[in-house]
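To start, the structure under review is shown below, and the notes come after it.
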Amino acid sequence: MKATFAEGQLLPAPEQELATKVLHIQSKRFYLDVKQNKRGRFIKVAEVGPSGRKSRLLLAMSSALELRDHLTAFSEIYASLGPPNPDNLPEDGKLKSELMVKENRRYYLDLKENSRGRFLRISQTITQGGPRSQIAIPAQGMIEFRDALTDLLEEFGTDDGITFGFKGNLPEAHHMRVENKNFYFDIGQNSRGVYMRVSEVKNNFRTAITIPEKSWSRFRDTFAEYVDKMKDTADPSNESGK
DNA sequence: GCGGCGG
């Protein structure tokens with residue numbers, strides 16, 4: 001993801017954490033974090049293995065909803081399966097597959113079987129053949145995983161905030177240097193609509209206000225009003241009032 | 001207490 005703050009600032013892209021759920025499935029822990037940034041709302045799924053090995057996956061809310069529905073279907077198939085039978089298994093070990101596409105992301109869902117048992121492999125790529133991130137959910141935990149997703153979707157909605165609002169792309173972030181301060185203007189969007197964030201960055205601290213789109217013209221008018229008032233009252237001999 | 005067949 002493109003950084004919001006250029007100019008070598010080491011600030012992370014502003015991101016809000018809305019909720020976290022932790023699932024313990026066999027030897028693994030899964031963290032489901034609902035987050036939002038200026039591009040919208042999403043769920044970060046992190047798998048932590050017993051060795052501490054971590055892998056993560058990002059899902060737009062709409063993809064999380066789609067996954068939730070697939071999980072229902074996958075768990076029904078899993079429930080209908082007989083005992084594992086290595087002799088009667090497809091070469092690739094895949095018992096059922098689904099594909100999800102969201103913008104430039106592809107998610108491959110595979111119910112697989114190996115000597116350890118059955119599991120759902122979810123892998124995500126951005127460009128085909130490019131880097132892949134993946135998690136593996138023990139098949140016994142698919143229902144629990146689905147129920148956790150359902151809870152989060154009910155509480156935080158299924159809308160990414162990307163597909164509505166502005167037609168086309170959002171404007172690029174804008175940077176302005178004033179004396180020793182840096183100001184940034186960026187446009188964001190969430191389920192409540194479009195907003196402009198004005199940030200002041202100084203010594204690696206950021207303060208910001210978030211202005212809903214509906215009020216932009218009032219802000220502009222109020223701003224202009226003050227600029228004009230100050231011009232009217234400015235001492236003409238004082239150049240700094242310009 | 002795992003562990004998930006690639007380039």
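Reminder, nothing fancy here: chain letters follow the sequence lines and each chain counts from 1. Being a predicted model, the structure only gives us computed values, none of them experimental.
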List, by chain and then residue number, the residues other than A:Tyr31 in its hydrophobic cluster (Ile/Leu/Val/Met/Phe/Trp/Tyr, side-chain heavy atoms under 4.5 Å); write none if there are no others.
A:Val22, A:Val48
With a 3.5 Å cut-off and just heavy-atom distances, do the side chain of A:Lys28 and the base of B:dG1 make a donor-acceptor pair?
no
Mind listing the residues from residues 105-118 of chain A sitting with a heavy atom below 4.0 Å of DNA chain B? Number order is fine.
A:Lys112, A:Asn114, A:Arg116, A:Gly117, A:Arg118
Starting from P on B:dG4, measure out to CG on A:Leu95 and report it in whole angstrom.
17 Å
Not counting sequence neighbours, which residues clear salt bridge (charged side-chain N to carboxylate O under 4.0 Å, His left out) with A:Arg118? List them please.
A:Glu113
Separation of atom CG in A:Asp92 from atom P in B:dG6, rounded to whole Å
10 Å
What is the separation between atom CG on A:Leu89 and atom C1' on B:dG4, rounded to the nearest whole Å?
13 Å
Taking A:Ser55 for the side chain and A:Gln134 for the main chain, is one N or O donor matched with an acceptor at less than 3.5 Å?
yes
Scan for salt bridge (charged side-chain N to carboxylate O under 4.0 Å, His left out) pairs involving residues 54-67 of chain A, sequence neighbours excluded, and state none if there are none.
none
Round to a whole Å and report the spacing from CD1 of A:Ile25 to P of B:dC2.
16 Å
Applying side-chain hydrogen bond (donor to acceptor under 3.5 Å, both in side chains), which residue pairs with at least one partner in residues 70-89 of chain A are found, sequence neighbours left out?
A:Thr72-A:Arg146
Taking 4.0 Å as the cut-off, does a side-chain nitrogen or oxygen of A:Arg53 come that near to OP1 or OP2 on B:dC2?
no
Nonpolar side-chain network containing A:Tyr108, other nodes, edges under 4.5 Å
A:Leu99, A:Val101
Set of residues satisfying ring-ring contact (aromatic ring centres under 6.0 Å, His included) with respect to A:Phe119, sequence neighbours excluded
none
Identify, residue by residue, the members of residues 127-136 of chain A with a heavy atom below 4.0 Å from DNA chain B, and return them in order of residue number, or none.
A:Ala136
Grouping ILVMFWY residues whenever side-chain heavy atoms fall under 4.5 Å, the cluster of A:Tyr226 otherwise contains none
A:Arg121 CZ to B:dG4 P: how many Å, rounded?
8 Å
